[in-house]
Structures are given as C-alpha cells and as structure tokens.
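Just below is one structure, and these are the notes that go with it.
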Amino acid sequence: MGMAEFCFVLFCHEAKEASPTENANVNHHLTVPKLRQYNWWIHMVIFSLLLLSGQSAATLLGRLYFDKGAKSKWMATLVQTAGFPILIPFLFVSPTKHGIAQSNQTKPPSTLILVSFYTFLGVFLAAYSMLYTIGLKYLPVSTHSLICASQLGFNALFSYFLNAQKFTPFIMNSLFLLTISPTLLVFSNDDSGDSNKTSKGKYVIGFMCTIAASAGYALNLSTTQLAFRKILKETFRVVMNVIIYQSLVAMCVILVGLFTSGEWRNLRREMKEYELGNVSYVMNLVWTAVTWQVFSIGAIGLIFKVSSLFSNVISTLGLPIVPVLAVIIFQDKMTGVKVVAILLAIWGFASYIYQHYLDDLESKPKSRIVNDVSVVERA
C-alpha cells in the first residue's frame, strides 16, 4: 500500500470514529449556507414586491392627481419624499446583531461623511423627483414610460464604472428586453390624444426633464450601492437611515421651492376645484406619500441585498404593469402592443433571475470547500 493510500484510509477511519459533537458541527456548517441562501431569496422577493407595488400605486395616484384638475408640480414632488415619518418606528425594531458583527470588521464612517452623503442623496432626490414630475405632467404616459426605461442603460453604465458590474450574456439579454418592453408602449394609441394638449415647447421640456431624471435616478442607485460597499454597515437599520435622512433633506429642499415659487398660495383653491372632492384630494396626497416610501424600501433593500442594477431591473419590470392597472382602474384600452411589452418584460426579468441562479450554483461548490476546510482545521 502506497503512502497516499495509507493516509486516505487513516483519514477515513478517523472520520468514522469522530465524536457525535464533531459530526453535528459538520452538519451545522453545511446547513448554515442553505439557510442563508433561502433567507436571501425570501428577502429579494419581499423587496421586489414592495418596489413593484409601491411604484405602480404611486404612478397611478400621480396620474390621477393631474387628471382630476390638480396643477401644483411642487406638491406632486413633495409627496414623493414626505412620507418618511412612517418609517421611523422601524428604527426601534430593526435587528442589530448583523450590524455588530460588521462593525468589528469595518470602521464606522465619521459624522461629517454621513452628513455629506445624506445631503448629497437628498438634494439629488429632490432634483430628479421634480424632473420626473415635470415629465409626467407634460408627456403622455406611454412616452414617459419609454424615456424612464433609459434609466436601466444609465444604471448599467454607472454600475460598470462605480461598482465594477460584470455583464454576462443573460444580463445583456435582460437589459435589452427590459429596455425594449417599455419602448413598445409608445406605439400604443391610448395616449394619442394627450400629446395634442401640450405645446411643442412643453413637450420638449418634458422629454429633456425625464431623460435627466432617469440619469439622476440611475446615478443615485449606483452611488448608494458604492456607499454600502465602502462606508456603510450592511444592516436593516442603515437601510432605514438612508431612506429617512435622504427623504428629510429632499423634503426640506422641495418645501423651499414650494414657498419660493408661490405655488403654496394656490393649494387651497386647487383642493376646492379638485374633481373628486376635498377628501379625495387629501387622501390622494397621503397615499401617494405612503406608496413612494414603500417603493423606497424595496429599491434600497434590493441595492442592499443584490445590486443597484438589479434594483433598476425590477423597477423597469414594473413599468408595463401600470398600463395593465390603468385598464382596470381608468378603463384604458388594452392593446396587443401592451401585451407584447408585458411578455418581454417578464422574459427579461426571468433572464436576469436565471443568471443569479447560475451564480448561486457556481458559488455552492466554493462554499462547501470553505466549510470542509474550516471543519478539518477545527478537528
């Protein structure tokens, strides 16, 4: 018998005579990665549902706001950020164990860095929220969705430079399909009459504002992901802090704009002239604020768990959902183009999920090797 064969037999014999405690440790180390994997998928599904539901509801409420006679751009922008107080209770119930483990490995950022970061995000959020509002007011919904889809391309570009995002064939296919899907909505006829209500000058302004807003939103996502990797601890509490503090700064900036522009003087008359009544006007604003915060939790949560590009992919997936809900709520006409757009969006989403499935399969052998090595070292 050779030396190698003798060592192998000896190792197997010792493994069989291992104590029950050691065997339990082996099973424990093999089980933990599976639990973490299931936990990751559960969180991803929850955050995706929050993003899609929040985005769809907020977009429909925003459309309802303008369709029923409201005109204030600053108020429509304010409600996109003013709902953050409902998230404050989560700061007191969020888990901190994971954060304690992370704090031993990463030096906490200084107060100056955190204040600068939250101020940057807040001012940026206020800027592109106003640009989105202008685009939604001056453009048909289908055209607005078309331009919003460009945020996926902007995000891919920023993620490549800021976060070293890797592009595989499945991800490229997903990006292509999720960009083409909302593009098809521009050929739908349900908004054909809306463009006639806007002058050519305002149409161009709406187009340029929506392009700029898409680029700003994409840069915000990529910057947030970079911050999670470089300066922020990866905890649920930090996710809540990012949403709350950036929304607080954005709300202050928007309030300054609201009072400086003088639109606040017309809010009382706007509420009285609202076609659905005073109560409906207030409820529209309240629930728009709530649904935008639901969207923010989903978007930031997906950045925290996956990446900014994945968060944007889910957001783009939700763009064709709005026309479907509009058929139910506003009795819009469902066309064949909309059906094709929705199918393409589902295909693109499935392609991206399949890439993550492949990455998960590839990571399993590596995690098993690491666990086996750690067990042998402890034995």
Side-chain angles (χ1 to χ4, degrees), residues 42-66 75-91 94 121-122 124-126 128-133 135-136 141 144-145 148-149 151-152 155 178 182 213-214 216-218 220-221 224-225 236 239-248 250-251 254 283-326 328-330 342 345-346 349:
I42 291 173
H43 279 86
M44 191 196 68
V45 170
I46 293 175
F47 285 134
S48 297
L49 292 176
L50 290 176
L51 187 152
L52 292 174
S53 60
Q55 176 181 256
S56 301
T59 302
L60 292 172
L61 289 172
R63 176 181 175 180
L64 184 66
Y65 175 80
F66 287 114
M75 178 57 69
T77 305
L78 179 63
V79 294
Q80 296 180 33
T81 61
F84 71 89
I86 66 174
L87 303 179
I88 294 178
F90 289 98
L91 292 177
S94 58
L121 288 184
F124 222 57
L125 173 60
Y128 69 72
S129 295
M130 170 53 82
L131 292 172
Y132 268 126
T133 301
L136 184 61
V141 176
H144 188 262
S145 298
C148 287
Q151 70 191 27
L152 196 58
N155 189 223
L178 288 171
S214 299
Y217 176 70
N220 193 312
L221 290 181
T224 303
Q225 181 183 353
F236 181 78
V239 173
M240 290 293 103
N241 284 338
V242 170
I243 298 174
I244 291 173
Y245 290 132
Q246 75 170 358
S247 298
L248 175 62
M251 186 187 69
I254 296 170
M283 294 302 295
N284 181 289
L285 296 178
V286 170
W287 284 108
T288 301
V290 172
T291 51
W292 275 121
Q293 293 307 309
V294 172
F295 165 80
S296 297
I297 295 175
I300 302 297
L302 288 178
I303 296 175
F304 168 58
K305 284 294 182 180
V306 192
S307 69
S308 63
L309 183 60
F310 184 80
S311 179
N312 218 330
V313 165
I314 300 298
S315 179
T316 308
L317 171 68
L319 293 177
I321 295 179
V322 176
V324 176
L325 295 177
I328 302 174
I329 299 174
F330 298 111
I342 295 169
I346 296 175
F349 175 71

Looking at every heavy atom in both Phe295 and Ser315, which two are closest together, and how far apart are they?
CE1-OG, 4.3 Å

Within this structure, what is the CD1-CD1 distance for the pair Ile244 and Ile86, rounded to the nearest 0.5 Å?
9.5 Å

Say you draw a straight line from OH of Tyr128 to OG of Ser214; how long is it, rounded to the nearest 0.5 Å?
11.0 Å

Apply side chain to side chain contact (heavy atoms under 4.5 Å, CB included) to Met240 and Ile297, showing your working.
CA-CA 8 Å; Met240 290 293 103; Ile297 295 175; 4.1 Å; yes

CD-OG1 distance between Gln80 and Thr288, expressed to the nearest 0.5 angstrom:
9.0 Å

Smallest separation among heavy atoms of Ser53 and Val294, with atom names:
OG-CG1, 4.1 Å

Hey, is CZ on Phe66 packed in by over 12 heavy atoms from elsewhere, all under 6.0 Å?
yes

Taking the side chain as every heavy atom from C-beta outward, state whether Leu248 and Met251 have any pair of such atoms under 4.5 Å apart.
yes

On a heavy-atom basis, which atom in Gln293 and which in Leu87 lie closest, and how many Å separate them?
OE1-CD1, 3.5 Å

Distance check, rounded to the nearest 0.5 Å: Asn220 atom CG versus Leu125 atom CG?
6.5 Å

Do Ser296 and Gln246 get their side chains close enough for a donor-acceptor pair, meaning under 3.5 Å?
no

Would a 4.5 Å heavy-atom cut-off, applied to side chains only, mark Thr77 and Tyr132 as touching?
no

For Gly216 and Phe124, work out which heavy atoms get closest and say how close.
O-CE2, 3.2 Å

State, with a plain yes or no, whether a side-chain heavy atom of Leu61 is found less than 4.5 Å away from one of Trp287.
yes

